[in-house]
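Reminder, nothing fancy here: chain letters follow the sequence lines and each chain counts from 1.
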Amino acid sequence: MRTPLYDTHVALNARMAPFGGWDMPIQYEGILAEHAWTRTRTSVFDICHMGEFELRGPSAQADLERLLTQNIATIAVGQARYGYLLRDDGGCLDDLTCYRFGPDHFWLIVNAATCADDAAWIRERCSAGTRFEDISPRIAKLDVQGPRAKEDLESAFGVKLPDLKYFRFAQVELGGVPVVLSRTGYTGEFGYELYFPMEHALAFWQRITAGGAIKPAGLGARDTLRLEAGYPLYGHEMGLERTPVAAARGSFMDFKKTFIGSAACVRDRDAGCARYLCGIRLNGKRAARAHDKVMQGDRVVGEVTSGSLAPSLNTAVALAYVDAALTAPGSALEIDVRGTRLPGAVVALPFYKDGTARR
Amino acid sequence: MDTPRELRYTKTHEWVRWNGKVATVGITDFAQDQLSDLTYVELPTEGDSFSAQEEVAVVESVKAASDIYAPISGTITAVNKALLDKPELINTDPYTDGWIFKMVPDDVSELESLMDADQYESMNPDEEN
């Protein structure tokens, strides 16, 4: 599938590659340059491939409490909260963010690759009083991220943007178009996720990038940015084979309620998981990659789920599931990369600690 | 893409500059463009011997690692240590400052089996634009 910006990306000489069933831009100028620009100024990412669901009706909140791990009742109007969609066995169908627009009105933002399955799963489990709609085909998503995102976006549209706290959103008008402006993102930097009608995607992209301060960035930089920020990527850190307790040790989960998969999560919380997700900072620049084995002596003690050079740290880092006893920061480990042992140590996440996301 | 006429090429995108004694080896402009930003280079040890098509070095981009193969059989006489701090030299100057290693061939005639610039260019897909 292609987003409405496909031709624009090709005209910009972007390197395109398949991602979650979509043909997406991996890089324009280069991953390192786009990464650095996002950390220091402002980048725009075409995220039209991600899915948006709308749930409305008197039973919508109760349905979401049962379907999702995060507490829904305490999400205020204009607030978003991250959590998980689980199977009965606790396996993770997706990680997603729930937005509340009103007492009986919610949006869910889901991953591209899982969108169709998520929609089927949720639709089947909604009560008669809940109207579910997959609004992905008509909602565009652009992420504008970086420490100067507010000023640069204000310049692009000649407006003043509201001050929003982290994980809060507002419905604003930009260039005469209604936009959901959400102070969220996937880079570790200050910035926004913008949702608006799909037919304006090209005009918005052109307006946002016209001044030159906001530059296009691809999914390559998005991946190194999220990795430095310690954020999981569904299909790498999250999946059907384990509960999210192993990834986040019970965060983003309300254990005071019953939700689909909660019994498995309580079990993992109380009995402990065999392995937990942790960050490993390597001593050199050579990167470990997904599926490389984590070693201590001759013992396999874990497996890498994501790994790359961390451009902002100038050293390689990895996210890995590691035996529970070895996950304390400072724990010395090696990663076997095609027969070479790369030494490193467990570090507390995020890897990159100067991100402006929460400022 | 730049493909200097005086060099010889392999199917695995190495170039070879032969001065009559020593073969200097690097990766082509096409290869560096495909790999994009290089972030790490693992070099062989001087004095080590390799057979043609054997893995000699590793270059890594942000996204992936790629092996560099010996174009011919021989012994490593020099490695480009500047790449350890500046792997991006392969991106900016693939045929000059971005050279990777030098080797003395076991059998000079092996050089004849390498491709010339025209053959190498015809092997690669047309540049997309």
Contact origin within [X] toward chain A - heavy atom pairs under 4.5 Å:
| X | result |
| --- | --- |
| B:Glu42 | side chain |
| B:Val41 | neither |
| B:Ala64 | backbone |

Is there a donor in the side chain of [X] and an acceptor in the side chain of [Y], or the other way round, less than 3.5 Å apart?
| X | Y | value |
| --- | --- | --- |
| A:Arg148 | A:Thr42 | no |
| A:Glu189 | A:Thr187 | no |
| A:Thr114 | A:Asp94 | yes |

Face-on cation placement of B:Arg17 at B:Trp15 ring, 6.0 Å and 45° thresholds: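 Yes, cation above the ring, under 6.0 Å and within 45°.
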Spacing of B:Asp106 atom CG and B:Phe50 atom CZ [to the nearest 0.5 Å]: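 Interatomic distance, B:Asp106 CG to B:Phe50 CZ, rounded to 0.5 Å: 12.0 Å.
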Option that, when pairs with chain B are counted at under 4.5 Å, heavy atom only, ranks first among A:His35, A:Arg338, A:Arg15, A:Gln27: A:Arg15
Part of A:Arg286 within contact of chain B (heavy atom distance under 4.5 Å): both
Residue A:Asp223 versus chain B: region with a heavy atom under 4.5 Å: side chain
